[in-house]
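For clarity, every value in this text was computed on a predicted model and none was experimentally measured. Quick note on labels: first sequence line is chain A, next is B, and so on, each numbered from 1.
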Amino acid sequence: MSSAALLSSILFFPCLGALVILFWARISPAMCQKVSLVCSGLVALATFSFLLPGLPWSFAPYEATVQHGFALDWIPSFQIYYYLGLDGISFPLVVLTAGVSFLAIAASGTIKKHAVSYYILILLLITGMLGVFLSLDLFLFYIFWEVVLLPMYFLIGIWGGPRKEYAAIKFFLYTIFGSILMLIALLMLYFASDLTDPRLEEFVKSDTIIQQTVGSQALEGIEARQADDAVQPLHTFNILALQKIGQLTDQFDEPLLWGYSLQWWAFLLLFIGFAIKLPLVPVHTWLPDAHVEAPTPISMILAGVLLKMGGYGLIRICYPICPEAAQWFAYPVAILGVIAMLYGAFAALAQWDFKRLVAYSSVSHMGYVVLGLAVCSVYAGGQVDSQAWAMGMNGAMFQMIAHGISSAGMFFCVGMLYDRVKHRQLDQFGGLFHRMPTFSGLSFGIFFASMGLPGLCGFIGEIFVLLSTWKFSAVLAIVGSLTLLLTAGYILWTLQRVYLGFEYHGPLPEKLSPATKGEISILGVLLAFAILLGIYPQSLFRYMEATVTQTADALAERLSAKEEPDEQQAQLRIDPLEAPADTKTLLVERVQP
Amino acid sequence: MFTQPIGVAHYLVVGAILFVCGIVCMTTKRNTIGILMGVELVLSAAILNFVAFSQPAFRVDQEASLGIDGHVFALFAIVLAAAEAAVALAIALNYYNNHSTIDVDRAQDLQG
Amino acid sequence: MSFYQLIVNAKWESWASTLVYLPEIVLCLTIVILLLLRLPRWGSRISSLGIALVGSVIAFVLSIPFETTAEANPEAATTAQPVSLLQEETSPNPPDIEASSEETKAYKQPGDTIFSGLIVYDGLTIFFRQLLILFVVALLILMGLTGIPDRDSGADVFTLILGATVGFSLMVSSNHLLIAFLGVEMASVPSYVLAGTLKGRRIASEAALKFALYGAGAAGVMLYGMSLMAGALGSAHLPTMAENLAQLTANGVDDRQLVLFLGGLMILVGLAFKLSAFPFHFWCPDVFEGATAEVDAFLSVASKAAAIGLLLRFAIGISGVPGEPIEAPAAVAQATSTEEAKNTFDILAISQTEATSLTFAAQADQEKTKLEEKPVTDPDSSVVPIQDLIVFLIGLMAALTTTFGNLAAYGQTNIKRLMAYSTIAHAGYLMMPVAAAVALLSKDQAGAQEAVASVVVYLIAYFFMNLGVFAIIALLRNRIRSEEIEDYAGIVRESPGLVVCFGILMFSLIGLPPLAGFLGKFWIFAALWEAGLITLLFIGGLNTFFSIFYYLRVLKVMVLSPEPDHRSPAAIPIISWPGLYVAALTVPVAILLVFWEPIRVYSLWAAADLFQ
Amino acid sequence: MDNILWHSVFFWAFAVITCGFAVMVVLSDNIVRMAVALIFSLSGAAGLFLLAGADFVGAMQLMIYVGGTLVLLIFGVMLTAQGPFISLKAGSGDWIIAVVMVGLSLAMLLPMAWSVPDWHGPAMGASETKTTKQTALQEEAEADQETVVVEHNVSVTEIGLSLVGVRTDLNQEDQESGQLPEGYLLPFEIVSVHLLVILIGAAYLARAKRPRKPTKYP
């Protein structure tokens with residue numbers, strides 16, 4: 001099977017399911033769930049089959065290149081292609097998406113109201129999420145990014161809790177604000193990019209997708225440029241090409257506004273857009289509301305997958321395309337990351353609502369992702385230390401996957417309790433261990449995974465991030481590691497308040513029935529993955545390490561090259577007082593270790 | 001005053017006065033018919049301008065005069081203005097039938 | 001040239017023009033048939049809707065440009081059938097005019113002017129004509145479905161609609177101020193009557209009265225501005241005006257600045273009124289509330305499309321790209337012998353190279369060589385200040401209009417009023433690329449073409465979105481007898497299909513991907529970025545954000561609010577004629593993005609003739 | 001100095017009539033008086049047209065505008081304005097706004113009217129500007145000041161022919177280059193359609209609704 005057919009069918013299979021539900025006259029809610037379950041199950045099976053060795057389409061580990069990449073003409077005159085592909089960064093997230101979505105649909109049994117619309121929307125949502133991770137064309141990425149938005153708005157707004165309308169509109173507004181900034185950044189990058197740059201010759205010749213789409217045009221342009229002829233610039237939306245342009249040429253270094261370069265602005269706009277989705281601290285306030293009001297399965301998807309879109313955007317687009325700006329912003333971003341970690345943890349400590357607590361823990365955990373990415377100016381002998389950066393990135397990626405598993409599990413736990421006793425007040429729980437022993441045992445595992453207990457998945461990511469931060473700034477690493485303590489604090493305290501203790505003293509005690517088989521299997525699957533990743537992290541690293549390392553190497557090389565050859569700049573670094581106050585010197589000052 | 005030949009500028013001044021009168025009429029009159037009269041004044045100012053611009057003898061740069069184009073424009077403007085007035089009156093009548101007044105200040109059903 | 005020859009030429013021109021002007025002629029004929037059918041007694045038994053529909057469908061078919069082989073093979077064209085027909089008609093021996101000039105083609109093709117330079121027949125004209133006539137077809141079908149107008153007034157209302165459409169088509173193809181004014185009048189005056197279609201209702205007659213009074217005033221001001229502009233530039237023919245303007249500025253004649261400025265401003269007032277741009281938007285909400293939803297759709301889509309077409313013609317026409325070498329009377333009289341022109345333009349070219357910075361030196365050199373080759377038809381630097389002024393005025397107005405429209409929409413309780421403000425906001429979006437196109441005229445012709453193409457695309461999307469929304473409003477009005485937003489509460493439970501369509505249309509109006517509204521908006525933003533109008537780009541982006549609130553509020557009421565007790569049932573199943581009609585308008589909105597490439601090719605083709 | 005130009009005398013007379021009655025339209029409170037003042041103002045304008053050599057336009061102004069439009073307006077007055085509605089005073093606030101507006105617009109428009117030296121009239125313009133073309137014209141003007149004013153009257157034949165697309169007023173050699181000068185065939189034809197549509201529209205609004213069944217709509 002060609003990769004085009006394979007990836008497209010994975011991507012649009014949920015849509016097919018949605019159509020089936022739509023045109024199935026008088027379908028019952030249970031039947032809806034079954035159809036969606038089969039549909040998402042098949043998608044999950046297909047993505048997991050990539051993991052198996054030996055199949056013709058299996059995903060080769062330890063490979064840095066894009067696999068199953070293909071591009072079809074969509075809007076060739078705007079250089080927009082239907083370009084999908086998998087690599088070490090997107091592949092784990094695709095698998096996570098398929099898995100979590102399947103589990104979320106499995107957990108949707110309690111949804112009885114407007115079941116047809118619910119399942120249609122959730123299936124569309126899955127397509128959108130898969131599309132975000134699969135697409136390698138910036139424009140296509142943006143389209144899928146927005147496609148995710150609409151179903152989510154309705155899923156929260158119709159099936160949510162008491163303040164659903166407020167939560168839904170808040171989510172919608174925050175995200176769309178970010179998307180508008182992203183759209184502007186997207187236009188900036190597109191119109192600044194030019195594939196006919198001679199420095200890209202090697203890339204243009206080697207990249208099969210570029211060859212297939214605009215190769216001849218680009219090569220002609222390059223030849224003409226080498227011969228000093230005037231050429232129309234050849235813009236591109238290809239993410240990989242944009243990365244190369246950012247890393248090999250200075251097309252994005254043009255000053256744009258107020259003395260800052262184009263890539264500075266592009267980074268800023270993109271970063272805000274992704275940070276909102278992530279969510280980072282000043283713009284995180286939509287998240288607790290959305291999580292609290294969303295129905296359980298939607299919370300699982302929201303925490304398990306949607307937040308990862310922000311992190312993915314940072315790793316895939318923000319950092320590789322704008323390396324210098326990334327370096328300029330290293331400290332602010334890192335500090336924001338640490339603040340998010342601490343703030344999220346503190347806020348979680350202060351919550352009385354169980355679901356809100358879990359939501360704030362998400363804020364805290366996603367802070368690690370940002371911190372891990374920000375450590376891009378670690379110096380080792382005048383060179384940017386690509387190893388430390390790769391470690392940070394790996395940690396961030398691992399953290400995303402781990403959080404996807406553990407937070408989905410935690411939200412499921414909360415949802416299970418809420419379905420039974422219709423409240424989430426932490427001080428009214430207690431003693432669940434006696435009433436629901438199996439469930440409690442599994443939840444302990446999930447919560448410990450989230451806490452970062454060694455041997456479970458949360459640990460690896462956090463420790464990688466903190467280690468690389470240590471090299472970047474010891475102070476930030478120390479402050480950041482306080483989060484470990486706080487996390488342990490609120491998780492343990494929660495466990496104590498909810499599961500331990502003598503007696504359940506809240507309302508509706510008679511409803512606290514033991515977990516059903518379905519519920520146990522959902523939690524069990526999640527816990528199994530948490531343990532697998534915890535004790536054998538290589539099972540994940542083997543897929544993403546190569547790509548991440550390559551990215552980090554390329555960026556580090558770019559930044560080192562920028563720093564080194566210029567004698568004058570070295571001079572500046574020694575005596576910053578006499579330097580003219582332009583951006584470059586600011587940059588140099590900032591990156592001084 | 002009477003010894004100087006007349007130029008386009010003289011006509012433009014007359015046109016400007018008519019125009020201003022028309023605009024003031026449109027803004028101050030509370031009566032639909034009054035407002036329409038203001039419109040007629042404005043249109044007639046424009047027609048006057050066209051006619052003045054068409055006469056090469058009124059100016060130094062004779063070759064830049066509009067000639068017959070200005071006349072045709074003026075003719076069409078007259079015809080269109082008459083048509084517009086007819087429709088506006090029909091609408092005013094219709095309004096009168098529904099409201100028993102043609103005072104636009106009493107047109108308050110819509111928030112404005 | 002003898003008098004006889006003059007008549008032969010005029011006759012030839014009229015014939016050749018008539019051939020490509022058939023759609024409008026068919027519309028006019030339909031009007032006459034609608035009138036004549038009242039005479040015989042059996043005439044009242046024939047459905048006037050049917051006649052109007054057939055007429056407009058025929059007009060639409062005719063508006064598809066018929067295939068000419070002339071471009072590919074000029075030899076073949078001369079032997080093509082229309083020519084031989086023409087030659088027989090006109091004179092025994094082929095007219096001198098064809099022998100004497102290479103410019104003359106056998107018959108009219110896209111890019112020519114018709115009716116002796118009064119009207120441009122180019123891609124943009126063809127596009128607008130198709131859009132407008134297609135809209136009329138769709139609107140007539142909608143009117144058949146909703147039952148407004150009733151049988152008595154049907155013939156009258158359809159006559160007015162068709163008459164206004166002829167006016168719109170004149171507006172978008174005008175190459176001459178007279179045609180522009182005639183078009184505006186032909187379009188507006190029937191619209192005033194249409195606003196009062198339900199003549200027994202108080203608010204309808206009030207809407208019509210307000211519309212007519214404000215409209216007449218705006219038309220008067222516009223005519224006054226046209227008189228000043230034409231007088232100062234010595235012609236009313238747009239390309240000639242542009243040429244004279246360029247020459248005036250090039251010769252350093254600056255005593256007419258005030259006249260030109262005031263004249264241009266007054267014309268802009270008239271256009272802004274038609275576009276309902278801030279601060280001349282005030283009629284729009286009142287008229288929309290008073291008129292029926294069907295008429296609102298007409299005013300909101302067709303009228304705005306025509307106004308933006310005229311704005312494009314005017315802004316681009318006056319600021320520097322004459323489409324063809326011109327032989328207008330004034331230009332002829334001015335004795336612009338080619339030598340003189342060359343001298344002026346050489347001076348221009350030199351001053352230009354001096355003015356431009358080093359980075360643009362190469363570009364300037366290129367332009368200079370171009371200027372030497374084709375002195376009349378190329379943009380030159382002397383019009384740059386004029387362009388800057390136009391860009392500033394239109395850009396400012398666009399920014400204010402969008403922002404005002406979006407902010408004022410918040411407090412509205414009536415859906416038609418809300419859509420009126422939404423229309424105002426969208427008019428602002430539509431004006432943005434016009435500013436971008438003018439800004440790019442002398443820098444980057446391809447970019448300017450993109451900007452005009454973005455208008456085309458936005459209008460295509462806008463056609464479906466707004467017609468769909470107003471169709472739903474009209475259909476719901478027939479069921480629940482109300483147009484208040486609060487009465488729409490919980491309507492999703494009665495007619496889910498309709499509300500899903502409504503939701504898609506609303507999200508498309510916001511401009512969210514993957515819907516059609518995004519397509520247009522993205523393109524507009526791209527044009528703004530390319531034109532360097534970053535402030536406008538940010539304002540546009542911010543406004544997209546503002547607009548979310550009120551569109552979502554309507555949707556929220558329809559979907560999330562509980563139903564009121566006292567409401568007549570609103571069930572409109574999607575599998576019924578009205579439901580299918582709405583679905584047919586929604587489906588393109590949902591899937592237009594997939595067919596971006598053909599749309600892009602088409603829109604670029606439509607915009608191309610403007611920049612020959 | 002002592003050479004009184006009768007053309008100018010008539011111009012000033014008509015200008016005073018036109019502007020004076022226009023001001024009266026604005027100032028009058030009685031709608032019938034306004035209509036009468038408008039008649040005189042528009043007639044004065046027609047006189048100005050005749051002086052500018054636009055005989056046909058002047059005649060049309062008298063026939064269509066003064067004749068047709070005003071009859072329509074007076075019809076409107078008679079049909080709609082009964083008793084108390086005939087005279088409607090504007091409030092003092094309106095007048096303040098009006099005065100400010102008049103001041104502002106005149107302050108803009110009058111300088112505009114005088115801003116182009118070429119337009120000050122043949123003699124005056126020539127004395128002020130210095131270009132070679134214009135001095136030649138000045139000599140011409142001085143040579144024959146009496147005739148310069150009314151030298152170009154557009155004949156009805158020319159207008160009529162231009163309305164069917166034939167331009168006889170232009171230099172004929174210039175027309176041989178292939179591009180025809182604007183003939184006004186299209187507007188002439190299409191305006192008839194416009195008038196038809198307008199007529200139907202006006203009749204539609206003005207005629208009473210045939211009572212058949214009550215309307216279904218709110």
Q. Does any heavy atom of chain D fall under 4.5 Å from the side chain of E84(B), the backbone, both, or neither of them?
A. neither
Q | Toward chain D, the part of L80(B) with a non-hydrogen atom under 4.5 Å | A | side chain
Q: Nearest 0.5 Å please: distance from the CG atom of L75(B) over to the CD1 atom of I64(D).
A: 7.5 Å
Q: Could you tell me which portion of L195(D) (side chain, backbone, both or neither) has an atom closer than 4.5 angstrom to a non-hydrogen atom of chain B?
A: side chain
Q. Should V99(D) and V24(B) count as side-chain neighbours, where that means a heavy-atom distance under 4.5 Å?
A. no
Q. Non-hydrogen atoms of chain D under 4.5 Å away: do they reach the side chain of S44(B), the backbone, both or neither?
A. both
Q | Member of L38(D), L27(D), V25(D) meeting the side-chain contact (heavy atoms from CB on, under 4.5 Å) criterion with C25(B) | A | V25(D)
Q. What is the distance from atom CD1 of I33(B) to atom CD1 of I31(D), rounded to the nearest 0.5 Å?
A. 5.5 Å
Q) Is it the backbone or the side chain of F11(D) that comes under 4.5 Å from a heavy atom of chain B, or both, or neither? A) side chain
Q) Top residue by heavy-atom pair count (under 4.5 Å) with chain D, among G38(B), A86(B), C21(B), A82(B)? A) C21(B)
Q | Contact winner vs chain B - Q61(D), M108(D), M112(D), heavy-atom pairs under 4.5 Å | A | Q61(D)
Q.
Assess the residue pair S105(D) and I23(B) against the criterion (side-chain contact (heavy atoms from CB on, under 4.5 Å)); give the C-alpha distance rounded to whole Å, side-chain angles, the decisive distance to 0.1 Å, and a yes or no.
A. CA-CA 9 Å; S105(D) 338; I23(B) 294 285; 5.7 Å; no
Q) Does the side-chain contact (heavy atoms from CB on, under 4.5 Å) test come out yes or no for L48(B) and L48(D), once each step is laid out? A) CA-CA 8 Å; L48(B) 193 64; L48(D) 289 177; 3.9 Å; yes
Q: Find the distance between CD (E40(B)) and CD1 (I39(D)) and round it off to the nearest 0.5 Å.
A: 12.0 Å
Q. Given the options V87(B), N94(B), L41(B), V72(B), which has more heavy-atom pairs under 4.5 Å with chain D than any of the others?
A. V72(B)
Q.
Report which part of V14(B) has an atom under 4.5 Å of a heavy atom belonging to chain D: side chain, backbone, both, or neither.
A. both
Q. So which part of F188(D) gets closer than 4.5 Å to some heavy atom of chain B, the side chain, the backbone, both or neither?
A. both
Q.
Restricting to non-hydrogen atoms, name the atom on A54(D) and the atom on H71(B) that form the minimum distance, rounded to 0.1 Å.
A. CB-CE1, 3.2 Å
Q: Let me know if F50(B) has heavy atoms under 4.5 Å from chain D in its side chain, its backbone, both or neither.
A: neither
**Q.** T18(D) versus chain B, the contacting section by heavy-atom distance below 4.5 Å
**A.** both
Q. Checking heavy atoms, do the side chain of L199(D), its backbone, both or neither come under 4.5 Å from chain B?
A. neither
Q: Show your working on side-chain contact (heavy atoms from CB on, under 4.5 Å) between F76(B) and L163(D) and close with a plain yes or no.
A: CA-CA 11 Å; F76(B) 277 104; L163(D) 286 182; 3.9 Å; yes
Q: For the residue pair T27(B) and I97(D), establish whether any side-chain heavy-atom pair is separated by less than 4.5 Å.
A: no
Q: Can you measure from CD1 (I78(B)) to CE (M60(D)) and round to the nearest 0.5 angstrom?
A: 8.0 Å
Q) For the atom pair CG (L18(B)) and CZ (F21(D)), what is the distance rounded to the nearest 0.5 Å? A) 13.0 Å
Q) Could you give the distance from CD1 (I17(B)) to CG (L110(D)), rounded to the nearest 0.5 Å? A) 6.0 Å
Q.
If I measure from the heavy atoms of chain D, does V20(B) come under 4.5 Å with its side chain, its backbone, both, or neither?
A. side chain
Q | Minimum-distance pair of heavy atoms, taken over all atoms of I198(D) and A83(B) | A | CG2-O, 3.7 Å
Q) So, does K29(B) use its side chain to make a donor-acceptor pair with the main chain of D29(D) at under 3.5 Å? A) no
Q: Compare all side-chain heavy atoms of W114(D) with those of H10(B) and state whether any distance is below 4.5 angstrom.
A: yes
